[in-house]
There are 2 protein chains.
Amino acid sequence: MGTRPDLLRGALDAVLLEVISAGKTYGYEIAREIEVRSAGQLLPQEGTLYPALHRLEKRGYLKADWRDSPEGRARKHYRLTAEGRRKLAALRQEWEQFSQSVSRILGTAHAAWEGI
Amino acid sequence: MGTRPDLLRGALDAVLLEVISAGKTYGYEIAREIEVRSAGQLLPQEGTLYPALHRLEKRGYLKADWRDSPEGRARKHYRLTAEGRRKLAALRQEWEQFSQSVSRILGTAHAAWEGI
DNA sequence: TTATATGCATTGTCTGCCTAGGTATGCAAG
DNA sequence: CTTGCATACCTAGGCAGACAATGCATATAA
């Protein structure tokens, strides 16, 4: 795996909603996409991923339906609700502000020095 | 307060070590410094801050000593150990990689596109 | 039959932020 | 003197969520 658990916590929901909105719709595929897009840095465990998807569904950000697969067992496909799209936009902005705050404090490279 | 608790979790240790290494040495001062440096975005609660400092001390990243204060009660001053400086460097790099991964996935502004 | 890839799910443990309290000192206002 | 406020530290308990481990189901290949 890549990073510490605690790092993932704050960003997982945003990452999941983003990947799903980009057309990766079921768990197994979502996991692999996250791994690819992060170049192996991020890789949520199954015991993290599936509960997270259930949470997002229960909170109304995702809708799911089952479809058969040509290989292996059936897949549970997710898609964003309207509320999910709004949530993604909000989480994206929240992440941006937060990560810039931290990066500015830590003095890491991609901090935006426009402010202060 | 500023951000969601879950966001703070992943970055708090790094932020604390950084602020202390920059010369803000006791809890109350550390808290205010974080608030100032993040422009109010980050503000750990006392029930978060003090246990976090104790953890870092117990793990050997910080050393502490008590000193009297001209105003109010005595202060517990922290400073980084050699191990603490190494830890800060590691956490800084970990944060940079992680935040870039997430930012790249979310497509937020300050992502570095040099890599892929 | 066994192994491997696909695919979803749950249980139990552990970590750690928060809320909500508490303690102590110094000073100013009433 | 008492009340309030800033300074300054600490802790108990609740709760959310990531992880490891395990299990189940389907398909293909050795």
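Just so it is clear: chains get the letters A, B, ... in the order the sequence lines come, proteins before strands, and each one is counted from 1.
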K76(A) with E57(A): basic N within carboxylate O range, under 4.0 Å: yes
side-chain N/O R55(A) vs dA18(D) OP1/OP2, d < 4.0 Å: yes
Test for a donor-acceptor pair under 3.5 Å between the base of dT15(C) and the side chain of R9(B), counting only N and O atoms. yes
Looking at D65(A) and K63(A), does any basic side-chain N land under 4.0 Å from a carboxylate oxygen? no
For E29(A) and R73(B), take the nucleotide of DNA chain C holding the closest heavy atom to each; which residue's nucleotide lies nearer the 5' end? E29(A)
Roughly how far apart are R79(A) CZ and S21(A) OG, rounded to 0.5 Å? 14.0 Å
For atom CZ of R75(A) and atom P of dA25(D), their distance in whole Å: 19 Å
Nearest whole Å is fine: how far is dA8(D) P from Y50(B) OH? 9 Å
Starting from P on dT15(C), measure out to CG on D13(B) and report it in whole angstrom. 13 Å
Nearest whole angstrom, please: distance from the C1' of dG7(C) to the CD of Q45(A). 16 Å
Expressed as a whole number of angstroms, how long is the span from D68(B):CG to dA8(D):P? 12 Å
Does A74(A) reach a base, just sugar-phosphate, or nothing at all? Heavy atoms under 4.0 Å. sugar-phosphate
Rounding to an integer number of Å, can you tell me how far R4(A) CZ sits from dG17(D) C1'? 15 Å
Here the pair of heavy atoms bringing I20(A) nearest to Y78(A) is CG2-O, 3.6 Å
Judged by each residue's nearest nucleotide on DNA chain D, which is more toward the 5′ side, P70(B) or G47(B)? P70(B)
Could you state the atom-to-atom distance from CG of L8(A) to C1' of dT15(C) in whole Å? 15 Å
Under the 3.5 Å rule, do the base of dC10(D) and the side chain of E46(B) count as making a donor-acceptor pair? yes
Tell me whether the OP1 or OP2 atom of dC8(C) has a side-chain N or O from Y28(A) closer than 4.0 Å. no
Over all strands shown, is G27(B) touching base, sugar-phosphate only, or nothing at heavy-atom distances under 4.0 angstrom? sugar-phosphate
Rounded off to whole Å, could you give me the CD1-to-P distance for the I34(A) and dA18(D) pair? 11 Å
In terms of heavy-atom contacts, L7(A) and G10(B) come closest through CD2-O, 3.4 Å
Closer than 4.0 Å, any side-chain N/O of H54(A) to the OP1 or OP2 of dT10(C)? yes
